[in-house]
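All ligand and atom numbering here is 1-based and tracks the order in the structure.
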Amino acid sequence: MRLTRLFTLAPLFWRISAQDVSVAAVKQAFIDADIPSDLKINFDPSFLLEVILPQSSGHPILVHTGIQLPRNETATPPVFGLFDPFDPANPSINAGQGPFVIAAVDPDAPTPTNTSNAQVRHFLGGDFFPRKLAGSSLSPLLSNTTAALSEWKQPTPTGGNHRYVFLAFNQPVGFNQQQFINATTPIMHFDIATFAQEVGLGNPIAGTFMMVANPDNP
Ligand SMILES: *[C@@H]1O[C@H](CO)[C@@H](O)[C@H](O)[C@H]1NC(C)=O
Ligand SMILES: *[C@@H]1O[C@H](CO)[C@@H](O)[C@H](O)[C@H]1NC(C)=O
Ligand SMILES: *[C@@H]1O[C@H](CO)[C@@H](O)[C@H](O)[C@H]1NC(C)=O
Ligand SMILES: *[C@@H]1O[C@H](CO)[C@@H](O)[C@H](O)[C@H]1NC(C)=O
C-alpha cells in the first residue's frame, strides 16, 4: 500500500501517522481556518502536499494540516512532496510530472487581528519536480532545479497564533521569466492570489498549513 511504499522510498517519512491522507479533509480544514476567504483563493485541491521539516537532531517533522508547532522546529527549509491519494498504485503523482511552484505565506502578520503587514512571503520557488528514482520511476518527494525566488524564512510570529499556508501550483510556461518577485522584493504585503493571476498559476492543486505561535505574546 501507499504508506509502506513511501516509507521504503523515503526514509524521511518517519512520522507516517501524522500524514494527510484525505484531500476532502484538507479542503475542509482550510475552510474551517478561513484560509480560502482570507487568501482570496479557490482551494479545491486534487493532490496532497506534504511538507517535511528537517530537524537539526532527531526525526524530521511531517506537517499535517493544521498542526501546531513550536517555532524552533521550523528553522530548516522544508522538503516537499506531492502525491495523488486516489491513485495509490501509481508510484508518481498523477498531476503531470512537474514542474510545480510552491509558495508559503503568513496571512496573520503582525497578528491575526492586525494583518496590516500581510501576507508575509515565507517561501516561493519553482521548478519542483518529482525526484527520479532508480530506473524510470519517480518519487512523490520533490526536488527543485533552480534557486527559490524567496528563500525559506523561518516563522517569527510577533503575536498570536499564525497560519503558515503552503500551496502548490502547476508551473506555467514562462514562469522563470516573471518580473514580479525576486530575492530583493520585500516579503511583506505579498498577495498570493494577485501573484497567481499575474503569472498565470491558476488555482492551487494542493496545500497544507501549520500553526506557529509566539509563547511570549500569545
Ligand atoms: C524547542 O523548544 C522546546 C521548549 O519550548 C523544547 O522542548 C524542544 O526540545 C525544542 N526543540 C528543538 C528542536 O530545539
Ligand atoms: C498594526 O500593526 C502595524 C505594524 O506593526 C502597526 O504599525 C499598527 O499600529 C498596528 N495597528 C493597530 C491598530 O494596532
Ligand atoms: C531549492 O530550494 C531551496 C529552498 O528550499 C533553495 O535553498 C535551493 O537553492 C534550491 N535549489 C537549487 C538547485 O537552486
Ligand atoms: C528585483 O525586482 C526589482 C523590482 O521589480 C527590480 O528593481 C530589481 O532590478 C530586480 N532585481 C534583480 C536582481 O532582478
Side-chain angles (χ1 to χ4, degrees), residues 30-43 51 53 63 66-80 98-129 142-205 207-218:
F30 268 59
I31 292 169
D32 291 345
D34 296 328
I35 292 169
S37 52
D38 287 353
L39 295 185
K40 302 179 293 299
I41 55 169
N42 179 6
F43 187 67
V51 176
L53 294 164
V63 171
I67 191 174
Q68 184 81 48
L69 290 176
R71 176 175 185 268
N72 62 357
E73 295 183 353
T74 63
T76 308
V79 174
F80 301 106
F100 305 103
V101 172
I102 296 177
V105 298
D106 173 5
D108 297 321
T111 71
T113 52
N114 174 0
T115 58
S116 61
N117 292 339
Q119 299 152 23
V120 177
R121 190 173 64 254
H122 281 262
F123 181 79
L124 181 63
D127 286 333
F128 281 89
F129 294 89
L142 305 177
S143 58
N144 49 335
T145 56
T146 55
L149 297 172
S150 277
E151 289 290 354
W152 175 245
K153 170 108 170 60
Q154 181 181 13
T156 310
T158 45
N161 199 10
H162 292 217
R163 298 165 291 175
Y164 293 88
V165 183
F166 297 86
L167 298 169
F169 301 85
N170 284 315
Q171 179 171 319
V173 172
F175 180 76
N176 288 327
Q177 282 74 53
Q178 65 80 31
Q179 300 289 321
F180 297 97
I181 300 290
N182 62 41
T184 62
T185 316
I187 62 172
M188 286 182 191
H189 309 298
F190 182 60
D191 184 328
I192 187 61
T194 300
F195 179 73
Q197 184 147 33
E198 285 168 342
V199 303
L201 291 180
N203 295 322
I205 60 168
T208 189
F209 68 97
M210 63 183 182
M211 307 294 301
V212 183
N214 182 342
D216 300 325
N217 188 14

Below 4.0 angstrom, counting only protein heavy atoms, does anything approach atom 2 (O) of ligand 4?
yes
Determine if the distance from atom 11 (N) of ligand 4 to the closest protein heavy atom is below 4.0 Å.
yes
Measure the distance from atom 5 (O) of ligand 4 to every protein heavy atom, then report the residue, atom name and distance (to 0.1 Å) of the closest one.
Q179 O, 4.1 Å
Are D127 and Q171 packed together at the side-chain level, in the sense that at least one heavy-atom pair is separated by less than 4.5 angstrom?
yes
I want to check something: taking the side chain as every heavy atom from C-beta on, are V165 and F30 in contact at a cut-off of under 4.5 Å?
yes
Does N182, backbone or side chain, put an N or O under 3.5 Å from an N or O of ligand 4?
yes
Ligand-residue contact atoms, ligand 2 with S116, heavy atoms, under 4.0 Å
1 (C), 2 (O), 3 (C), 4 (C)
Output yes when K40 and D191 qualify as a salt bridge under the 4.0 Å nitrogen-oxygen rule, no when they do not.
yes
Rounded distance [0.5 Å steps], CG in L124 versus CG in N182:
11.0 Å
I41 side, atom CD1; I35 side, atom CD1 - distance, nearest 0.5 Å
7.5 Å
If you draw a 6.0 Å radius around CD in Q68, do more than 12 non-hydrogen atoms from other residues or ligands fall strictly inside?
yes
Numbered in order shown, the ligand 4 atoms found under 4.0 Å of a heavy atom of T184 are 1 (C)
Any protein heavy atom < 4.0 Å from atom 14 (O) of ligand 2:
yes
Atoms in ligand 2 flagged as close to N114, the criterion being non-hydrogen separation under 4.0 Å
1 (C), 2 (O), 3 (C), 8 (C), 10 (C), 11 (N), 12 (C), 14 (O)
